[in-house]
Chemist: 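Below is one structure. I have some questions about it.
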Number of protein chains: 2
Amino acid sequence: MAAKQKSRPTYAEIAKLAGVSEATVSRVLNGDPKVDSDRVAAVNKAVDQLGYQKNRAAAALASGRTGLIAVVIDDDLSVFQDPFWGAITNGISKVLMENEMQTLLLVAPLDNIDSPVAQYLQRGEVDGAIFLQLHKDTLINRLAKQNLPLVVNGTPHTNNPFAYVDSDNAGGAFAAVRHLVDSGRKVIAKITGDLSNTAAEQRLEGFLAAANEFGLKTPKSLIAQGDWSREAGYNHAKKLLAKHPTLDAIFCSNDVMALGAVTAIQEAGRSVPGDVAVVGFDDSYLAQNSHPGLTSVRQDIAGLGAEAAKMILAKLRGEEVHSEILPCELVLRETA
Amino acid sequence: MAAKQKSRPTYAEIAKLAGVSEATVSRVLNGDPKVDSDRVAAVNKAVDQLGYQKNRAAAALASGRTGLIAVVIDDDLSVFQDPFWGAITNGISKVLMENEMQTLLLVAPLDNIDSPVAQYLQRGEVDGAIFLQLHKDTLINRLAKQNLPLVVNGTPHTNNPFAYVDSDNAGGAFAAVRHLVDSGRKVIAKITGDLSNTAAEQRLEGFLAAANEFGLKTPKSLIAQGDWSREAGYNHAKKLLAKHPTLDAIFCSNDVMALGAVTAIQEAGRSVPGDVAVVGFDDSYLAQNSHPGLTSVRQDIAGLGAEAAKMILAKLRGEEVHSEILPCELVLRETA
DNA sequence: CGTTTTCGTGAAATCGCTTTCACGAAAACT
DNA sequence: AGTTTTCGTGAAAGCGATTTCACGAAAACG
C-alpha cells in the first residue's frame, strides 16, 4: 500500500467527495446564493470531513483579491513611543480577522510618492488601506483616484471626500470644561497642541465653545499655544500663573503637557487641585500612573480602529461609507 | 486602433523584450547565479523599461512561499497599553520590508491550540513567525515540529531549543546597582516584577549578582516581590521604608512600580533622590515624563525587533541561528 | 401549446509565476 | 581524440483557486 503524501486537500477532492464540480465548490465556499441547497450541504460536509482550508495565494491569483488590508503608518521617529498606534492597530486587526481579512503592517515614511510603500499600495497588492498618522494628503489623493478603498484615521486637513474616523475632540474638550465649571472653577486657561494638527484645533474649538456656553471669559492671554511637549506645558503654565493670579484651572490638549503644567503649578507653591485644577487629554498610561492621578479625556482608541476596519469592509462590499466620529469620555482622577 | 488595456506587465512581455525565455526571467529575478551576464542585463533592462513589479500572489502560488512573516501577539487586554509592542513590531517591520518580506499582524489569544490563529500558522500561509508575549509554549512546540521557522521574543521558560531574542535584563540590573553603589548608596532594596516572568527573574538575578559583587547585604526583607503594578511599588516601598530606616535606594523592575515607590517615599517625608534613590526599568514614556525624571534601564526595543527579523530571514535561508541577547543601557535622570 | 427567459450547473480557460526536465554545447576527464 | 560531466537554457507542466461560457431543464410568457 502506497503511503499517501499528506498534503492539503483541494477543490478537486472536495468536488469528488461531494459529487459536484469544482465550480460549484467555489460557489458554495464564496457564498453564491444560487446553488441548490442539497449541493451546498454536500460541499460543506465534504469540507468539514477533509478539514479543508482555502489556499489564499491561489484564491488571490485567480480573483485578484488578496484578502489583505494595509495599515499604513506614515513613519515618524516618535510614532511608536505612543501606545495610541498599537491600540488602534489592535482594534483594526480584531475586526479584520473576524472577517477573514488580514492586517498587513506598513510602517514607512510616505514623504515620497514613489517610495516603496507608495508603489506597493498602487500596485494593488492589498484590497484596501487604512492610514494612521498621515502627514500629507498627496498619496491618498492619488490612491483614491486609482479606486483603492481607503479610510483615514483623524480628520483630514483638506476638504477631501475621504471617509475618516476620528474622536469627538471638540465634544471631549467641551465635557472637560463643563466639569471644571460645574466644580466651581472660574478662570480656566487652555494650553493647545500643535495647531497645525486638526485634533489640536478641534480641542481648542471645543474649549472655546464651552467657554462661550458657560459664560467664561477667554482673553487671548488665557490661551497658550503649545506643541504637545512636557516643556510646553510646564513653561506655558508658569507664564499663565504669573499673568493670571486668579487662575484656577488649566485644560491641556494632551496628558504630557498637563503633567508639565502640574509640575509648574506645584513649583509655584500652589496645590493641585486645591488651587488649580488640571485636565489632560488622551487618558494615557501617563494619566493613569501619575501622582496625583491626572483627570483626562479618554478616546475610544480600539473603537476607532474597529470602526475604520468596518468601514473598509463596507467599502469592499461596495457600500457607501460615511465618516464616523466617536464620543470621548472624561475620566475623573485627582487633578480636577 | 484598439485601445490597449493598461495592465501590469508579466514575464511574457519581459521575456519577449529581452529575447529570453520566461524561465530565464524567473531565474534572473530570483537571483539565480548561473545565468549568463548578458542575459541578466537584458532582463534587468526590460524590467526597468516596463516598470515591472512582481505579482506576489502568483509567485506565492507557484513557489509555496508567501513572503509573509507573522508577528504574533498572544493577546492580553493590557498588551497595547504598553508601547513596547508597537516599538518592537516597528523594528521587525523595518527589517522585513528591506528584505521584501511583509509583516502580517496576528493579535489574538493563543490559549487554544485550535484557535483560528493557531490553525492559520499551521496551515503554512506564512513563511515564518515571530512571537511576542507568549504565554504558553505549547503552540510553538507544535509549530516547531512542523518546521515553521520561528523566533521568540523574550527568554522562554522551558529549556526549548527555540531561537529567541531578549534584552540583557541581568546586565541592565547589574549596571543599575553599580551606579547606585558608585554614588554612595549603602542599603539598596529591590522590588521585583512578577517572578513567573523570565524577565523579572533575570532582573532579580542581576541585582543579586551585583549586590554580591559589591559586597552589599541582601537579606530577604530587602527584596519585595511585586507584580509590575503601581500599587505594588507604592505598598512595598512603604513597608521597606518602615522596616529599614537606613534604606537609601530602591531598584524596581519596571518604571510603573518605581513611580509608585517615589510617591511612597515622598509621602513618608523623605526626598528623592536626596534620602532615597530610585531606579526603574524600561525607560518608558513614564520615566521620561515623570517629575522628578526617573532614572531607568533602557532596552533597545527596536533593536530586539530588528534582530528577531534578521534571525527569521536567516532561518529562511537555511542558516543556523543562535539566540541573541542585546545590551541594556542605564539612563540617568533625577531620581538616582 | 409553442416560444422565450431564467436558472443552476460543469467544462475548461485563466491568473502569473516557479520548477522540473531534457537537450545541446562546452569543459573536464581518460 | 573519445568519452563523460558540467552548464546554461527553453519548453512545458504545474500551483489551486475563480470565472466565463454554453448548455439543458424548468419557469414564464404570449
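In this text the structure is predicted, and so the values were computed from the model without any measurement. Each chain gets a letter, A, B and so on, in the order the sequences are listed, and its residues count up from 1. Just the heavy atoms: all of them, side chains too, but no hydrogens, waters or symmetry mates, feed the values below.
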Chemist: With nearest nucleotides of DNA chain D determined for R27(B) and L61(B) from heavy-atom distances, which residue corresponds to the more 5′ nucleotide?
Modeler: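 Per heavy-atom nearest nucleotide, the more 5' residue is R27(B).
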Chemist: How many angstroms lie between OG in S167(A) and CD in E307(A), if you round to the nearest 0.5 Å?
Modeler: 11.0 Å
Chemist: Determine the sole option in V151(A), V152(A), I92(A) for which the side-chain contact (heavy atoms from CB on, under 4.5 Å) test with L132(A) is passed.
Modeler: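 Considering V151(A), V152(A), I92(A), a side-chain contact (heavy atoms from CB on, under 4.5 Å) with L132(A) is found only for I92(A).
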Chemist: When all nucleic acid strands are considered with a 4.0 Å heavy-atom cut-off, which category describes V25(A): base, sugar-phosphate, or nothing?
Modeler: nothing
Chemist: Round to the nearest Å and state the distance from Y11(A) atom OH to dC15(D) atom P.
Modeler: 16 Å
Chemist: Counting heavy atoms from C-beta on, name the nucleotide in dT18(D), dT19(D), dG16(D) closest to the side chain of N55(A).
Modeler: dG16(D)
Chemist: For V40(A), does its backbone N or O pair with a side-chain atom of N44(A) as donor and acceptor, under 3.5 Å?
Modeler: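 Looks like yes, one N/O pair under 3.5 Å.
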Chemist: Find the distance N30(A):CG to dT18(D):P and express it as a whole number of Å.
Modeler: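 About 4 Å, once rounded to whole Å.
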Chemist: Do Y11(B) and L29(B) come close enough that some side-chain heavy atom pair is under 4.5 Å?
Modeler: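 Yes; the side chains approach each other to less than 4.5 Å.
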Chemist: Whole Å only: how far is the CZ atom of R8(A) from the P atom of dG16(D)?
Modeler: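 Taking atom P of dG16(D) as the reference, CZ of R8(A) is at 8 Å.
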Chemist: Taking the side chain of S26(A) as its heavy atoms from C-beta onward, which of dG16(D), dT19(D), dA17(D) lies nearest to it?
Modeler: dT19(D)
Chemist: To the nearest 0.5 Å, tell me how far T198(B) OG1 sits from Y164(B) OH.
Modeler: 8.5 Å
Chemist: Are R65(A) and dT19(D) close enough that a side-chain N or O sits under 4.0 Å from OP1 or OP2?
Modeler: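 Yes, within the criterion.
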Chemist: Q53(A) and R8(A): side-chain donor and acceptor closer than 3.5 Å?
Modeler: no
Chemist: For A59(B), answer base if it contacts any base atom (sugar-phosphate contacts may also be present), sugar-phosphate if it contacts only those atoms, and nothing otherwise; contact means non-hydrogen atoms under 4.0 Å.
Modeler: sugar-phosphate
Chemist: Name the first nucleotide and the last nucleotide along DNA chain C (5' to 3') that come under 4.0 Å of a heavy atom in chain A.
Modeler: dG8(C) to dG16(C)
Chemist: Which part of the nucleic acid, if any, lies within reach of R39(A) when heavy atoms closer than 4.0 Å are counted: base, sugar-phosphate only, or nothing?
Modeler: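 Here R39(A) touches the backbone only, sparing every base.
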Chemist: Strictly distance-based, threshold 3.5 Å: is any side-chain N or O of T66(B) a donor or acceptor partner for the main-chain N or O of E125(B)?
Modeler: yes
Chemist: What is the distance, rounded to the nearest whole Å, between atom CD of E22(B) and atom P of dA11(D)?
Modeler: 9 Å
